[in-house]
Amino acid sequence: MADEANEADVFAVPDFWKTSKWLDQLAKEASTSLFGNGLDVLYNAKPTLLPLTPIKLDTDGFFQLPQDKDFHAESQDDNEGFETAHWSVQEPFEFEDKSDVWMHSSEPPPKPAIFRTWETFNTGIPKPHVPLFLSEAGAGAYDALLNWPTDSLELANTNTPVVETNVYFASVLALSVGRESVFFARTAKGTLKPTLPELRISGYTRQVLQGVERQAGRCGSTFLRLSTVSRSAYISSSSRCAVALASAMNQILQAVEYQVTVDGRFPRSLLHLQTTITGASAILRPLDDLVSRMSENLSDEEILSLVFQEASMLEFSEGYVRDVLCEILRRISSPWLESIEEWLGTRREVGTPFTKSSIGETRGFVKVDVEIFTDDFGREVEDVDFRLDARKVPEFLPQDIAESIFETGRNLRFVRAFHPDHVLARSDAIMSNRPPAAEWLFDWESILNLESRVAQYQERLVHALRQSRSSTTREAAQFRLGVHEPGSEFKLQFFGFDQNMMEQRLLESMDQLDQPFMAKGSDDSLCRLVRARLSKVNEDDAAASDNTPHWSLLPILSFGGIAAAQARIVNRESLRLLFEVHGVQDHLKLQRDFHLLGNGLFCSRLSHALFDPDLETAERRAGVAMQGGVMGLRLGGRDTWPPAGSELRLALMGVLSEAYHSGLGKKASVSTKLGSDASLLPGDLSFAVRDLSSEEIDKCMNPDTLEALDFLRLSYSTPPELTSIITPLHLMHYDRIFKLLLRILRMLYIVNQLYRDTNSRLNTWFEEDASYRFVRESQHFVSSIASYFLDSGVTIPWQTFERKLDVIRVELDKLDVSTDGASYSPKELQEMHSLVLERIMHALFLRKRQLPVLKLLEEIFTTILLYAKQSRLQALGREQESGESFDPAHLYAEFKKKVQVFITVCRGLSEKSKASSKRTTGGITFDEFGIGDDSLVAQLVTRLDMDDYYCRR
């Protein structure tokens, strides 16, 4: 017991750990305890070399030795007292092949390392190395210390069993990829736990090994979690991007598993093992973070946005992480980019063509849907067209690029639908010009290369368009018509072979099909990135991101170039076809002439057909035959209203066609351009009956009300090729404008008739001063309103619009496609059309916020109609039919009061317009429509009350 106490005291002294005698004794005890037998003393034993017997040389055969010179090998004791061993060749022979590489080695054999000290340098006598620290004594000494009964290190490893190192390393590597092994088994919950409660390997404590095991366990759990997510995406997900992400993760997991279990299956040390596990964890960690942010049933655009955000957040992390995420982003974007390329036309469209008839179908962020347009007053109209689904646009894609891609694809479908022989309508013609593929680019060199390829593609496609326009050769015409020269027929290659050749081809095909599939997994880009990460752990990638643009610019730099080039060509060409082939200017002029009453002959013929009391009535009367003269509806000169459908046809027959053909003059070819039949008007323009509610129908029953003609409208059907320019919503606006202008036309006819009747010498009924004032002021008011509506409200905006159309037409005649000049598209033309109608409706008080002003104007018109009715009845001696006494003074006072209120309101609108901001759309400024100091409403106030007659106090 005393010896044990003394021994414990010795362990307590720190200097004792540095003595070499203690380490020698510890090494002897370790060897005895581990192997069960004693060994020679490490530093005092001198081994005795056995003498070598002479070697008999083989001078014949393939394995003969050279006969050039004698061989002798001499072993020196290197100042250690060892004996010398000699061997030599007794019979020399000649050396035939003097180019033997084995006999002329230029590198000397390596010398063994020796322990050098200053004492050895001074004395010249080497001394053996004696370890001073426990770590230098080897694994045996450390194991002996761990097994020491006193547990001096307090590590509790005395009774921990020691297992074989290679088997343990293999088990830990299997644990890092979620596999079972000898020392780690799977539980019922699917986790891996050690089969032994405690274990260790030689040279290491169980605490150190447990840390490595925990690290391997976390790596294995991540591996299994990612593997489960990858498998589930193949089974349950219908998203193409989700399947692509699962495929990429599966590829990375396979590469990690191969590198860990095959290439790294023989780690040289525990540090090497830990480095391998750390590398695998570093690769799997970003994927695990990405998967943790994902939820179930994500759409393609949401998956793309998540991966893009994850990659952008790790932009300045290790190079391998950035490269792996960039490659994953490339792969999962491939299905989405393919749909974008098919929509743009830079890739052949696979499957069923995507047309307007595919209602409810969605490709990328484009869908075919029925949209219901509603105007300011709740009227609805349906339209089937391609729609941009903003919800399906990924967050990283700028809105302007998405809109440009959408408009380009829609215009391309227009070309394919109505011009199937056009260059842009043929996929083979576009693909022959080698359009650049849409893909993610992450460095400036690739981006600059893309810009050059986009410029070359644009030049080639423009050149092809020029050739298609100027192609007048006989070969091109024959190709378009399907005519071929004799002897140029195509041959069926397969059926042209004889029996022997067919048999040979079939046998070659069978042999090729019998070959095993090529394993391409090792050449995968993700596998190469994983191998590079696990084989070059200490590689410095700090400067790898210097050549990478900011992530917010990557979508624009990667996809903006090809989208812009395709948009310039397709939009320009589709707009040229609208002007040259489909006559969009003529159709727009048609709306101006008829819906906006821009044709003078149409206004005159329509006024007479509706209001002239001198025309023959179109009403059928029993026992009265029609005279066959010019007939009209005679509104205001008849008692029955509304007219029948036959009356409308008889009265309005020929009004539209006569006015339309009079405007053409000798240019009869224009009619054939606009309509397939010269007898039909463009868009089947005709008079029709408007759909009215019960309340509106009741108002139309009275011929003396302002709403008496509200049932009459113009029917126009937009040709299919012009639906993108003249939309159903535009036709609704035209209908509302025509309805108001028709009322103005009627009021203008009535006040002029009142003026003529008042100044006529045939006037026999009594006139008062109030009557004269009422007639003259009402004529001035209605004339000013009509002049303002037709000459200012309609003409000024439309003339500006027509000038802009002429500029666009001149620009389209140029064959070059400028990258920095003005670029027009059908969408911009539609926006300009919408803006013009908006300005006209604003000037005519047809906007919803101007409804009180329009109501006040209608009340003034109603007062005038009431005066016209009572004065007409009084002239006919039927004033008792109205049931009210005719009081011109009262009507004049009411009229003057309402006119004063109307002028005051218009003056307020004019002052408000002066403070409005200037805006521009499609190159048309609002100042050109009179908003500002030269406001159109200000012009109306000047027309109505130049010297403040009505507003004078």
Problem - E459 side chain to H463 side chain, donor-acceptor N/O pair below 3.5 angstrom - result: no
Handout entry: Heavy atoms of other groups near K589 NZ, more than 12 under 6.0 Å
Key = no
Practice task
Just say parallel, tilted or perpendicular for the rings of F396 and F308, cut-offs at 30° and 60°.
Solution key: tilted
Handout entry: Set of ring-ring contact (aromatic ring centres under 6.0 Å, His included) partners for F406, sequence neighbours left out
Key = none
Practice task
For R348 and E342, run salt bridge (charged side-chain N to carboxylate O under 4.0 Å, His left out): C-alpha distance rounded to whole Å, both residues' side-chain angles, the deciding distance at 0.1 Å, then the answer.
Solution key: CA-CA 6 Å; R348 294 182 184 272; E342 291 179 1; over 6 Å; no
Completion exercise
Residue set satisfying salt bridge (Lys or Arg N to Asp or Glu O under 4.0 Å) with D389, at least two apart, ordered chain then number -> R391
Handout entry: E580/R809 ion pair, N-O < 4.0 Å
Key = yes
Practice task
Could you walk me through whether K827 and E403 pass the salt bridge (charged side-chain N to carboxylate O under 4.0 Å, His left out) test, one step at a time?
Solution key: CA-CA 10 Å; K827 180 184 178 182; E403 292 178 355; 3.8 Å; yes
Handout entry: Check: L812 main-chain N/O paired with R576 side-chain donor or acceptor under 3.5 Å
Key = no
Exercise for the section: Ignoring hydrogens and angles, tell me if any N or O in the side chain of R413 forms a donor-acceptor pair with the backbone of W343 under 3.5 Å. Expected result: yes
Exercise for the section: For E445, check side-chain contact (heavy atoms from CB on, under 4.5 Å) against everything at least two apart and list the hits. Expected result: D443
Handout entry: Side-chain H-bond candidate by donor/acceptor type, Q251 with R331, under 3.5 Å
Key = no
Handout entry: side chain to side chain contact (heavy atoms under 4.5 Å, CB included) evaluation trace for W440 with F559
Key = CA-CA 8 Å; W440 284 100; F559 315 125; 3.7 Å; yes
Exercise for the section: Look at D421 together with R426 and state whether they make a salt bridge at an N to O cut-off of under 4.0 Å. Expected result: no
Handout entry: Under-4.0 Å salt bridge between E811 and R572
Key = no
Problem - Sequence-distant partners of R225, salt bridge (Lys or Arg N to Asp or Glu O under 4.0 Å), two or more places apart - result: D288
Fill in the blank from the handout: Looking only at heavy atoms, the pair that brings A233 and A246 closest together is CB-CB, 3.4 Å
Handout entry: Test salt bridge (Lys or Arg N to Asp or Glu O under 4.0 Å) applied to E302 - qualifying residues, sequence neighbours left out
Key = none
Practice task
Answer yes if the side chains of Y716 and H595 hold a donor-acceptor pair under 3.5 Å, and no otherwise.
Solution key: no
Completion exercise
For residues 355-366, the salt bridge (Lys or Arg N to Asp or Glu O under 4.0 Å) pairs (sequence neighbours left out) are E349-R363, K356-D385, E361-R363
Exercise for the section: Indicate whether the side chain of H422 and that of E573 have a donor and an acceptor atom separated by less than 3.5 Å. Expected result: yes
Exercise for the section: Answer yes if the side chains of E395 and Q309 hold a donor-acceptor pair under 3.5 Å, and no otherwise. Expected result: yes
Problem - Aromatic contact, H582 with F414 (centres under 6.0 Å) - result: yes
Practice task
Using atom types as modelled and distance alone, determine if a side-chain donor or acceptor of S232 lies under 3.5 Å from a backbone N or O of T228.
Solution key: yes
